[in-house]
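What follows is a set of notes on a single structure, which appears directly below.
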Amino acid sequence: MISVKKENKELLFTLSTYESSYQMKADRYGVLLHLFYGERLNEGDDLSRLIFRTDMGFSGNPACAGTDRAYSLDTLPQEVSGFGAGDFRDSMVELLHEDGSRAAEFYFDSYEIMDGSYKVDGMPALYDTSATKGETLVITMREAASDVELKLCYGVYEKENVITRAAKLINKGKKRVSVQKLLSMNLDMMFFDADMIYFTGRHAFEREPERVPVRHAKTEIKSVRGMSSHQYNPAFILCEKKADEDSGKCYGFCLAYSGNFAASAQRDQKNQTRVQMGINPDGFCYLLGKDEELMTPQVIMSFSKDGLTKLSQQYHDIIRENMCRGKYKHEKRPVLINNWEATYFDFDGQKLLNIAEQAAELGIEMLVLDDGWFGKRDDDNSGLGDWFVNEKKLGGNLQDIGGRINDMGMKFGLWFEPEMISEDSGLYRAHPDWALAIPDREPNRARNQLALDMSRTDVRDYLFERMSAILSSAPIAYVKWDLNRSICDMYSHASKPEHSGELYHKYVLGVYDLLERLLARFPELMLEGCSGGGGRFDAGMLYYSPQIWCSDNTDAINRLTIQYGTSFFYPISSVGSHVSACPNHQTGRSVPLKTRADVAMSGSFGYELDLGKLTDEEKLQVKEQIAQFHDLYELTHEGDYYRLAAPKEGVMAWAFAAKDKRRAFLTLVRLEAEGNPLPVHVFMKGLDKDKSYRCMLKNDTSVINSGAAFMSGGITIPWTMGQYESVVMVFEEVNHGSFA
Ligand code: DGJ
């Protein structure tokens with residue numbers, strides 16, 4: 001709900017969801033104050049009374065406030081902060097005007113309320129469905145001296161407890177303006193002694209949570225890699241110090257963007273917390289001529305007064321429902337076998353068909369042919385860009401292979417890395433200027449490859465044509481869209497030097513454009529995002545691909561941490577996870593096959609190993625695992641997720657419960673081995689305390705208890721668990737009152 005109250009010259013805006021409110025005031029001078037974000041307010045509440053003003057002579061006072069020394073932009077909580085005009089904290093907008101001045105001073109101009117979600121130009125954003133419809137408030141702020149407008153967009157999703165923000169600059173003036181910085185949001189929280197939880201890592205170890213107090217020195221996460229990155233995920237949480245999974249106020253901020261981003265929290269001199277998020281201003285600079293505009297990506301914000309689990313569930317629901325799109329948003333996705341860790345580049349058509357044959361026998365539903373099927377590509381030094389089937393290597397075309405795989409009752413999927421180019425490729429020889437490299441400088445090579453200039457239409461047209469030709473030449477149901485290097489050496493042969501600061505952003509817009517075109521052409525296609533595993537795991541990519549390969553690390557024990565961190569924002573249905581070989585190729589660790597499957601099952605689920613090396617007993621296990629995955633699919637893909645124990649606690653445990661709470665299951669993995677072992681115990685979550693459930697144990701034995709008993713008393717595993725062993729327990733509702 002959006003309400004606006006006018007009093008004298010002031011306007012009070014209150015955005016309310018089911019359990020949260022967000023309040024702002026355009027005050028008598030036109031400054032847009034941030035007043036509150038938190039638990040839902042009652043009608044008529046006006047929290048501008050919280051603002052405490054004292055003489056701020058040293059900080060300065062804007063001209064509109066005359067001689068009022070207690071009115072300073074430097075300390076007022078604001079929705080927009082402009083650089084160089086009296087707010088000395090970090091700004092949200094920085095403009096460079098033609099006369100060389102750098103002030104950005106935005107005052108309230110007008111507002112508009114609209115039914116439905118707002119769109120973000122060329123970028124992903126939450127969209128309406130029949131079940132969920134947003135409301136939009138657009139507040140227009142204006143820089144009088146330059147006649148530049150700033151439209152602040154707010155989306156309100158009532159029952160989802162979600163509010164979004166984005167901003168759009170429009171140059172209505174006659175002169176060009178250079179945008180040095182334009183973030184998606186600025187939020188000044190007045191009284192909030194918070195912790196910040198962000199997700200950090202590296203290739204093959206992404207999204208490990210770190211929790212730090214918000215201090216006067218800024219805590220900032222960011223990427224300049226051209227992608228959201230393995231190193232920092234574009235999402236973070238601010239929460240009360242005492243907040244845990246089940247209690248405490250928590251705020252989430254999640255950017256629907258897949259490129260360079262920056263996000264920070266910092267206390268100011270009055271102990272207010274300034275929160276910012278958006279496109280990273282490092283290396284960014286965007287020229288706007290008359291009537292040209294620039295829109296920021298969307299920040300998805302959510303509030304929970306009841307801890308982190310609820311916050312995560314709110315994100316899972318809205319991303320799953322209002323960000324992910326396409327046929328496979330809810331439709332059951334096939335259990336797949338990927339040949340990468342089974343063969344790497346060393347395969348031919350027969351080898352693939354052998355894998356497919358064995359996979360079909362076990363109940364696997366799709367074969368994904370990974371890297372190496374095109375151009376000259378027997379290692380990772382050549383061939384990228386040459387999207388022509390290597391029929392010699394495959395012993396036929398994709399129609400032959402795909403058809404044979406279909407005949408086995410399986411679907412067929414294919415790997416691409418569209419954004420990249422090898423110097424040793426036909427494409428590079430024909431179009432060296434399509435690669436990102438600065439003239440007269442040696443480019444930085446990563447995995448011996450360069451990035452394509454995705455800002456160019458001709459590059460995207462080529463990729464669209466090539467990919468479309470391949471996809472229509474064979475029965476291809478799925479594409480794994482990979483990206484295997486950080487991007488630098490930004491220089492476009494197709495644009496003028498004065499636009500060089502736009503390139504990183506235009507690269508991302510180019511990727512989105514190509515994805516959009518391809519999905520429009522092949523609406524049935526299922527996409528899996530990937531960037532050397534989880535280097536581009538963000539809400540933006542989930543708009544195009546309902547699942548993303550979570551990490552190149554397939555070690556089930558490392559995956560516990562990686563998938564745990566990923567779960568704070570992203571739905572479990574989006575987590576690409578496979579059972580791989582043992583000892584694991586990344587860590588050398590041996591983990592029981594059951595545990596590998598139990599961990600991978602909390603995700604999209606598939607296999608990535610040489611099935612020919614499995615024993616008969618293991619093959620039987622695989623069949624059972626696939627049956628178990630199908631049985632639990634509704635819970636893992638549509639249910640509520642609960643973190644029961646964090647990976648550092650000796651055991652890691654998590655649970656899923658159906659929305660109607662009739663069914664649930666928990667998975668537990670023991671991380672340590674001990675002599676004279678202590679009992680392994682865990683408290684279940686997500687059950688209805690008043691319902692009775694049958695909990696299935698080993699060997700078909702079961703116990704019936706109330707939800708309350710399983711949640712308050714918990715569950716002791718009635719046998720000894722060794723290191724890396726796992727257990728899955730299913731809870732089925734039994735008829736009310738029947739404890740027998
Ligand atoms: C990185 C991916 O994450 C892997 O799964 C695999 O597809 C390789 N690239 C192929 O080059």
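Keep in mind that this is a model prediction, so the values were computed, not measured. What's counted below: heavy atoms across the whole structure, side chains too, no hydrogens, waters or symmetry copies. In listed order, ligands and their atoms are each counted from 1.
At a heavy-atom distance under 4.0 Å, only side-chain atoms of Lys480, from C-beta outward, approach ligand 1. At a heavy-atom cutoff of 4.0 Å, ligand 1 is contacted by the side chain of Asp482 but not by its backbone. Contact annotation for Arg447 and ligand 1: only side-chain heavy atoms (C-beta onward) come within less than 4.0 Å of the ligand. Contacts between Asp380 and ligand 1, counted as non-hydrogen atom pairs separated by less than 4.0 Å, are absent for every part of the residue.
A salt bridge is defined here as a Lys NZ or Arg NE, NH1 or NH2 lying under 4.0 Å from an Asp or Glu carboxylate O, and Asp461 with Arg456 fails to meet this definition. Salt-bridge check for Arg589 with Asp555: passed, with a basic side-chain N closer than 4.0 Å to an acidic carboxylate O. Lys329 has a carboxylate O that lies under 4.0 Å from a charged side-chain N of Glu321, or vice versa, which qualifies the two as a salt bridge.
Under a cutoff of 6.0 Å and an axis angle of 45°, Arg517 and Phe464 form a cation-pi pair.
In terms of polar-atom proximity, Trp415 is counted as a contact of ligand 1, with an N or O under 3.5 Å from an N or O of the ligand. Looking at Gly533 next to ligand 1, an N or O pair under 3.5 Å apart turns up.
Residue, atom and distance of the protein heavy atom nearest to atom 6 (C) of ligand 1 are Asp370 OD1, 3.4 Å.
Aromatic pair Phe568/Phe199: centroids less than 6.0 angstrom apart.
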